[in-house]
2 protein chains.
Amino acid sequence: MSVDPAKRTAERPLQEPDAQAEAFAVVRQAHQMETTEDYVELIDDLITSQGEARLVEVAERLGISQPSAGKTVARLQREGYVTSEPYRSIFLTEKGKKLADASRERHDVVYQFLLKIGVSDTTAKIDSEGLEHHVSEETLDAFRRIINAR
Amino acid sequence: MSVDPAKRTAERPLQEPDAQAEAFAVVRQAHQMETTEDYVELIDDLITSQGEARLVEVAERLGISQPSAGKTVARLQREGYVTSEPYRSIFLTEKGKKLADASRERHDVVYQFLLKIGVSDTTAKIDSEGLEHHVSEETLDAFRRIINAR
DNA sequence: GTATAAACTAAGCCATGGCTAAATTTAAGA
DNA sequence: TCTTAAATTTAGCCATGGCTTAGTTTATAC
Ligand SMILES: [Mn+2]
Ligand SMILES: [Mn+2]
Ligand SMILES: [Mn+2]
Ligand SMILES: [Mn+2]
């Protein structure tokens, strides 16, 4: 499956510097939103299934310490995605709920797509958690077409 | 394509906390390698196509400042992926070259896969730059099967 | 009601990877 | 050669998101 390096040079010439830089900029932008998306999606899931989102559970499900989760929740509050009073549970703002819904929808498409092409459930869950943040609308549409194909 | 929230709860119950935490841990691990992979791949491409990898070009193609690129190259040197003497160009170590080759191969599979499912070249280039770091071997194999399907 | 446990916050540490401004070194040109 | 431009380094700034340790508040249990 690997390719002769000499051949590769001819077959995959360098992109234009500007185009390449733009691609990296898009990735950096996606990373900047990634934590926010994962938190609001998780908080929304907890509210739906447990009635409330407690910091202790957010931290447990992210696999990080409570203070780390708390610091990010504080940032999300600063940025208007969530609200919470000291020692109370976490709520989504309108803005946060909207982002949560969009993120879950996109996450689900990626997950279902992986299952459709024969990836195991465990791997689909793991891979979709990372992939979801780097899928454009155009690629998402291609995924949807394949999901809906018989 | 979106789903009734009430239904979703039934259809997509929360994962086990441990499994979910493990997925996030895998993503964090991937992010930790991401910069390293992009740099060695780019440095290798520059050496192949231009004869050498200069910091100025690495920075330009990443779309970041020269000092930022220089700082990361210094880390890569500390970690044994590259060598370079002051004011000279950048070389890959054995370890760096190996990682570059593996990264390019994986990147190419993702790129070719996107093209195969009907994504435009421009979008395939952009999306593959982010997606490449979050694709497991199992998913990569599924991608290869589709690439090779007639 | 009070003691204890659980949850949360506060404080302060670290690495990564962005940035700008200002030196320094190397390369190029007249 | 000598001047100047380009490339690189140095220094120091910032935000994010990890961590631990220690204090505070709330909830639980008796
Ligand atoms: Mn998600
Ligand atoms: Mn995710
Ligand atoms: Mn990449
Ligand atoms: Mn990523």
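Just so we're on the same page: letters track the sequence lines, and every chain starts at 1.
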Novice: For D/dG17 and B/Arg28 - does any side-chain N or O of the residue sit under 4.0 Å from the phosphate oxygens OP1/OP2?
Specialist: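 For D/dG17, OP1/OP2 do not have a side-chain N/O of B/Arg28 under 4.0 Å.
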Novice: D/dG17 P sits how many Å from A/Leu55 CG, rounded?
Specialist: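 That distance rounds to 15 Å.
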Novice: May I have the distance from B/Asp38 (atom CG) to C/dG17 (atom C1'), rounded to whole angstrom?
Specialist: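 Rounded to the whole Å, the gap is 13 Å.
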Novice: With nearest nucleotide decided by heavy atoms, which residue, B/Thr36 or A/Glu85, maps closer to the 5′ end of DNA chain C?
Specialist: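 Per heavy-atom nearest nucleotide, the more 5' residue is A/Glu85.
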Novice: Separation of A/His31 atom NE2 from D/dT16 atom C1', in whole Å?
Specialist: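 Between C1' of D/dT16 and NE2 of A/His31: 13 Å.
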Novice: Is the base of C/dT9 touched by the side chain of A/Tyr87 through a donor-acceptor pair closer than 3.5 angstrom?
Specialist: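 Side chain to base: no pair below 3.5 Å.
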Novice: side-chain contact (heavy atoms from CB on, under 4.5 Å), that's the test. Do A/Leu114 and A/Thr123 meet it? Break it down for me.
Specialist: CA-CA 9 Å; A/Leu114 290 176; A/Thr123 299; over 6 Å; no
Novice: Among the nucleotides C/dG18, C/dA7, D/dC19, which one has an atom lying closest to any side-chain atom of A/Lys71?
Specialist: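 Among the listed nucleotides, the one closest to the side chain of A/Lys71 is D/dC19.
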Novice: For B/Met33 and C/dT16, what is the distance between atoms CE and P respectively, to the nearest whole Å?
Specialist: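 Between P of C/dT16 and CE of B/Met33: 12 Å.
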Novice: Of all the choices, D/dT26, C/dC19, C/dT24, which nucleotide is nearest to the side chain of A/Arg88 once you look at every atom?
Specialist: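 Ranking D/dT26, C/dC19, C/dT24 by closest atom to the A/Arg88 side chain puts D/dT26 first.
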Novice: Can you get from A/Leu62 to A/Ile47 by hopping between Ile, Leu, Val, Met, Phe, Trp and Tyr side chains that sit under 4.5 Å apart?
Specialist: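 Same cluster: A/Leu62 reaches A/Ile47 through Ile, Leu, Val, Met, Phe, Trp or Tyr contacts under 4.5 Å.
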Novice: Could you pick out which residue, B/Glu57 or A/Leu62, lies toward the 5' side of DNA chain D when each is mapped onto its nearest nucleotide?
Specialist: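 The residue mapped nearer the 5' terminus is B/Glu57.
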Novice: Map B/Arg78 and B/Gln66 onto DNA chain C by nearest heavy atom, then report which one ends up closer to the 5' terminus.
Specialist: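 Nearest nucleotide further toward 5': that of B/Arg78.
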Novice: Phosphate oxygens OP1/OP2 of D/dT8: is one of them under 4.0 Å from a side-chain N or O of B/Arg54?
Specialist: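 Yes, within the criterion.
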Novice: Could you check how far CG of B/Leu76 sits from C1' of C/dG17, rounded to whole Å?
Specialist: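 My rounded result for the distance is 12 Å.
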Novice: D/dA7 C1' sits how many Å from B/Ile64 CD1, rounded?
Specialist: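 Going from B/Ile64 (CD1) to D/dA7 (C1'), I get 15 Å.
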Novice: Look at the side-chain heavy atoms of Ile, Leu, Val, Met, Phe, Trp and Tyr, link any pair under 4.5 Å apart, and say whether A/Val135 and B/Val110 land in one connected group.
Specialist: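 Same hydrophobic cluster.
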Novice: What's the closest nucleotide to the A/Val56 side chain, out of D/dG18, C/dA7, C/dT9?
Specialist: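 Ranking D/dG18, C/dA7, C/dT9 by closest atom to the A/Val56 side chain puts C/dA7 first.
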Novice: Have a look at A/Glu79 and say if it touches a base, only the backbone sugar-phosphate, or nothing, with a 4.0 Å heavy-atom cut-off.
Specialist: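 The answer is sugar-phosphate, as A/Glu79 gets under 4.0 Å only of primed atoms, P, OP1 or OP2.
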Novice: Find the distance A/Gln32:CD to C/dC19:C1' and express it as a whole number of Å.
Specialist: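 Answer to the nearest Å: 14 Å.
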Novice: So, for A/His31 and B/His31, is the gap between ring centers shorter than 6.0 Å?
Specialist: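 Close enough - the centres of the two rings lie under 6.0 Å apart.
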Novice: Under 4.0 Å, heavy atoms only, any strand: does A/Gln29 hit a base, just the sugar-phosphate, or nothing?
Specialist: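 Nothing: the residue A/Gln29, judged by heavy atoms under 4.0 Å, touches no strand.
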Novice: With a 4.5 Å limit on heavy-atom distance, are the side chains of B/Lys125 and A/Gln15 in contact?
Specialist: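 They are in contact (side-chain heavy atoms under 4.5 Å apart), so the answer is yes.
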Novice: Might you work through the side-chain contact (heavy atoms from CB on, under 4.5 Å) test for A/Val40 and A/Lys97, ending with a clear yes or no?
Specialist: CA-CA 7 Å; A/Val40 297; A/Lys97 174 62 172 160; over 6 Å; no
Novice: Compare the minimum distances between each of D/dG17, D/dG18, C/dT20 and the side chain of A/Thr35, then state the nucleotide with the smallest one.
Specialist: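 Out of D/dG17, D/dG18, C/dT20, the nucleotide with an atom closest to A/Thr35's side chain is D/dG17.
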Novice: In whole angstrom, what separates B/Gln77's CD from D/dT9's C1'?
Specialist: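 Spelled out: CD on B/Gln77 to C1' on D/dT9 is 13 Å.
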Novice: Taking the side chain of B/Pro67 as heavy atoms from C-beta outward, which of D/dT9, C/dT9, C/dA7 is closest to it?
Specialist: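 The answer is D/dT9, which lies nearest to the side chain.
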Novice: State whether A/Ser68 places a side-chain N or O below 4.0 Å from either non-bridging phosphate oxygen (OP1 or OP2) of D/dG17.
Specialist: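 No, outside the criterion.
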